[in-house]
Peer 1: 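The following block contains the structure, expressed as structure tokens.
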Amino acid sequence: MSTTTPQHSLFDLNGRVIVVTGATGVLAGSAARYLAAQGARVVFLGRDQAKLDRALADTKGLPGETAGFSCDVLDRAGLERVRDAVVARWGRVDALVNAAGGNQPGAVITPDKTFLDLDLSAYRQVLGLNLDGTVVPSLVFAQAFAAQKRGNIVNFSSMAATQAITRVVGYSNAKAAVDNFTRWLAVEFAHKFGAGCRVNAVAPGFFVADQNRRLLLNEDGTPTARGQSVLTKTPFKRFGETAELHGALHFLLSDASAFVTGTVIPVDGGFSCYTGV
Ligand SMILES: NC(=O)c1ccc[n+]([C@@H]2O[C@H](COP(=O)([O-])OP(=O)(O)OC[C@H]3O[C@@H](n4cnc5c(N)ncnc54)[C@H](OP(=O)(O)O)[C@@H]3O)[C@@H](O)[C@H]2O)c1
């Protein structure tokens, strides 16, 4: 890239074909809308057709084209059909955002339980959704990236990847593995497919979303005891706003980050750099 490249083109996402898993959810839904507002061609993936219809309706009037596909991120054949449909429509895939993920009650060790109570079936499901749900779409879309010698993956990590966050054992293990996979695949892509293929991740701090709202906030909007302990360890003393993830995603998806691969960017109000002391 020339040093005289105009700055606006570094961040230009106009016409980029970007597939977003979990795009019917809070964080990825907001990000997918933002990308469409930047003129990107955004493919919304989720399992629930009604949620997809609502998410797509919210993009009406935005400059970018959008498409929605109902697909489970663990279903390789279904993802291959989506990839082929996207390539048939737009000729290529520029990027994959692996945002589908989450936790479930059975995989959580609540204060009245111990590790001995771990529900292995729930644990494996959480590990499967967050880790395999990142690996399988990467595997499927990597076929397009390898052919194009160009492609970009952004994974969703978490604060739970690098520090012990009480209760969430399966989710933490999975997100730690997502960090490792991000680095591993970044090196593998560069060696085998060239410097046009990159892999990075964002690690959101605590954002209030559907799956953690009741954990973080009381009905009157005040923080729960757990929410308060998160705020105490967050130097900014507040939860994140969904739009505050857009900048890091935009950077990683654009040519502004052309020499950046294998990184995990925390977007966390300082949570990850603060010991609490
Ligand atoms: N919220 C936070 O504070 C926070 C913090 C750190 C990291 N994260 C991570 O950020 C990502 C988004 O979180 P969020 O809070 O926005 O979650 P969310 O609102 O619960 O959205 C997650 C989406 O994933 C989709 N999904 C779940 N299982 C799926 C499957 N098997 N196949 C395809 N799609 C599936 C769901 O869509 P359907 O029901 O339509 O399938 C859902 O809309 C997750 O990876 C999460 O772990 C969140």
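Keep in mind that this is a model prediction, so the values were computed, not measured.
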Peer 1: Is a donor on one side and an acceptor on the other found under 3.5 Å between the side chain of Thr234 and the backbone of Phe236?
Peer 2: no
Peer 1: So which heavy atom on Gly78 is nearest to which on Asp75, and how close?
Peer 2: N-OD1, 3.0 Å
Peer 1: Evaluate the side-chain proximity of Asp268 to Met159: yes if any heavy-atom separation is below 4.5 Å, no if none is.
Peer 2: yes
Peer 1: Closer than 3.5 angstrom, by distance alone: can the side chain of Asp117 be matched with the main-chain N or O of Thr114 as a donor-acceptor pair?
Peer 2: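 Checking the backbone N and O of Thr114 against the side chain of Asp117, a donor-acceptor pair under 3.5 Å is found.
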Peer 1: Output yes when a side-chain donor or acceptor of Thr21 lies under 3.5 Å from a complementary backbone atom of Ala99, and no otherwise.
Peer 2: yes
Peer 1: Tell me whether Lys149 at atom NZ has more than 12 heavy atoms from other residues, nucleotides or ligands lying less than 6.0 Å away.
Peer 2: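 It does: Lys149 NZ has more than 12 such atoms within range.
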Peer 1: Report, as yes or no, whether the 6.0 Å neighbourhood of atom NZ on Lys237 holds more than 12 heavy atoms from other residues, nucleotides or ligands.
Peer 2: yes
Peer 1: Determine the sole option in Leu231, Val230, Asn218 for which the side-chain contact (heavy atoms from CB on, under 4.5 Å) test with Pro223 is passed.
Peer 2: Leu231
Peer 1: Any side-chain heavy-atom pair from Leu35 and Leu13 closer than 4.5 angstrom?
Peer 2: yes
Peer 1: So Arg167 and Pro111, do their side chains get closer than 4.5 Å, heavy atoms only?
Peer 2: yes
Peer 1: Is Val93 reachable from Leu252 through a run of I, L, V, M, F, W or Y residues, each pair having side-chain heavy atoms under 4.5 Å apart?
Peer 2: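 Not linked; separate clusters.
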Peer 1: Indicate the atoms forming the closest heavy-atom contact of Ala161 with Asp179, along with that distance.
Peer 2: CB-OD2, 3.4 Å
Peer 1: Counting neighbours of CZ on Arg89 that are heavy atoms of other residues, nucleotides or ligands and sit closer than 6.0 Å, is the number greater than 12?
Peer 2: yes
Peer 1: Charged N to carboxylate O below 4.0 Å: is that the case for Glu188 and Arg183?
Peer 2: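 Result for this pair is no, no salt bridge flagged.
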Peer 1: With a 6.0 Å cut-off (strictly less than), is the heavy-atom count around CZ of Arg213, excluding the residue itself, greater than 12?
Peer 2: yes
Peer 1: For Thr182 and Asn155, test the side chains for any donor-to-acceptor distance below 3.5 angstrom and give the result as yes or no.
Peer 2: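 A pair is found: one side chain offers a donor N or O, the other an acceptor, under 3.5 Å apart.
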Peer 1: Would you name the heavy atoms of Ala248 and Val267 that are closest together and state the gap between them?
Peer 2: CB-CG2, 3.8 Å
Peer 1: Is it true that Phe206 and Phe271 have ring centroids separated by less than 6.0 Å?
Peer 2: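 Ring-ring flag for Phe206/Phe271: true, centres closer than 6.0 Å.
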Peer 1: Report yes or no: does Thr261 contribute a side-chain atom to a donor-acceptor pair with the main-chain N or O of Val199 at less than 3.5 Å?
Peer 2: yes
Peer 1: Side-chain contact test, heavy atoms from C-beta onward, threshold under 4.5 Å: evaluate it for Tyr34 versus His250 and give yes or no.
Peer 2: yes
Peer 1: Going by side chain to side chain donor-acceptor pair (under 3.5 Å), Ser30 matches just one of His246, Glu241, Glu244. Which one?
Peer 2: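 The passing option is His246.
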Peer 1: Say whether, by atom type as modelled, one donor and one acceptor occur between the side chain of Asn130 and the main chain of Val126 under 3.5 angstrom.
Peer 2: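 Yes.
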Peer 1: What verdict does the side chain to side chain contact (heavy atoms under 4.5 Å, CB included) test give for Val97 and Val19, after you've listed the backbone C-alpha separation in whole Å, the side-chain angles of each residue and the deciding distance to 0.1 Å?
Peer 2: CA-CA 6 Å; Val97 178; Val19 177; over 6 Å; no
Peer 1: Decide yes or no on side chain to side chain contact (heavy atoms under 4.5 Å, CB included) for Arg124 and Leu120, but give the supporting numbers first.
Peer 2: CA-CA 6 Å; Arg124 286 182 180 128; Leu120 267 182; 3.9 Å; yes
Peer 1: If you count heavy atoms of other groups shown closer than 6.0 angstrom to CZ of Arg214, is the number above 12?
Peer 2: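 Counting neighbours around CZ of Arg214, 12 or fewer heavy atoms of other residues, nucleotides or ligands fall under 6.0 Å, so no.
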Peer 1: To the nearest 0.5 Å, tell me how far Ser70 OG sits from Lys51 NZ.
Peer 2: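 Between Ser70 OG and Lys51 NZ, I get 11.0 Å after rounding to 0.5 Å.
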Peer 1: Can a donor-acceptor pair be found between the side chains of Ser257 and Arg198 at a distance below 3.5 Å?
Peer 2: yes
Peer 1: Any non-hydrogen side-chain atom of Phe156 less than 4.5 Å from a side-chain atom of Lys175?
Peer 2: yes
Peer 1: With side chains defined as the heavy atoms from C-beta onward, is the minimum distance between Arg41 and Thr66 less than 4.5 Å?
Peer 2: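 No; the side chains remain at least 4.5 Å from each other.
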Peer 1: Which pair of heavy atoms, one from Leu253 and one from Ala95, lies closest together, and at what distance?
Peer 2: CD2-CB, 3.5 Å
Peer 1: Tell me yes or no: between the side chains of Asp48 and Thr24, is some donor less than 3.5 Å from an acceptor?
Peer 2: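 Checked: Asp48/Thr24 side chains show no N/O donor-acceptor pair below 3.5 Å.
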Peer 1: Between Asp58 and Lys60, does any NZ, NE, NH1 or NH2 come within less than 4.0 Å of an OD or OE carboxylate oxygen?
Peer 2: no
Peer 1: May I ask you to check whether over 12 heavy atoms, not counting those of Gln104, lie within 6.0 Å of atom CD?
Peer 2: yes
Peer 1: Without swapping roles, check the side chain of Asn212 against the backbone of Leu215 for a donor-acceptor pair under 3.5 Å.
Peer 2: no
Peer 1: Please determine, by modelled atom types, if Thr166 and Arg226 share a side-chain donor-acceptor pair under 3.5 angstrom.
Peer 2: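 Side-chain D/A pair, Thr166 to Arg226: present.
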Peer 1: Is there a donor-acceptor pair closer than 3.5 Å between any side-chain N or O of Gln211 and the backbone N or O of Asn103?
Peer 2: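 Present.
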Peer 1: For Asn98 and Ser138, does a side-chain donor sit closer than 3.5 Å to a side-chain acceptor?
Peer 2: yes
Peer 1: Look at the side-chain heavy atoms of Ile, Leu, Val, Met, Phe, Trp and Tyr, link any pair under 4.5 Å apart, and say whether Ile18 and Leu10 land in one connected group.
Peer 2: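 Shared cluster, yes.
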Peer 1: Tell me the closest heavy-atom pair linking Pro266 and Ser272, and the distance in Å.
Peer 2: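 Closest pair (atom of Pro266, atom of Ser272, distance): CB-OG, 3.6 Å.
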Peer 1: Under a 4.5 Å cut-off applied to non-hydrogen side-chain atoms, are Ile153 and Phe189 in contact?
Peer 2: yes
Peer 1: Give the ring-plane orientation class for Phe181 versus Trp184, where under 30° counts as parallel, over 60° as perpendicular and anything between as tilted.
Peer 2: parallel
Peer 1: Determine, using the 4.5 Å side-chain heavy-atom cutoff (strictly less than), whether Val202 and Val260 are members of one ILVMFWY cluster.
Peer 2: yes
Peer 1: Out of curiosity, does Phe115 fall in the hydrophobic cluster containing Leu127 (side-chain heavy atoms, cut-off under 4.5 Å, transitive links)?
Peer 2: yes
Peer 1: Side-chain contact, heavy-atom cut-off 4.5 Å: Leu45 with Leu79?
Peer 2: yes
Peer 1: Leu96 and Phe145: which non-hydrogen atoms are nearest, and at how many Å?
Peer 2: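 Reported closest heavy-atom pair: N-CZ, 4.1 Å.
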Peer 1: Do Phe141 and Val20 sit in the same hydrophobic cluster, where Ile, Leu, Val, Met, Phe, Trp and Tyr count as joined when their side-chain heavy atoms come under 4.5 Å apart?
Peer 2: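 No; Val20 is not reachable from Phe141 via cluster members.
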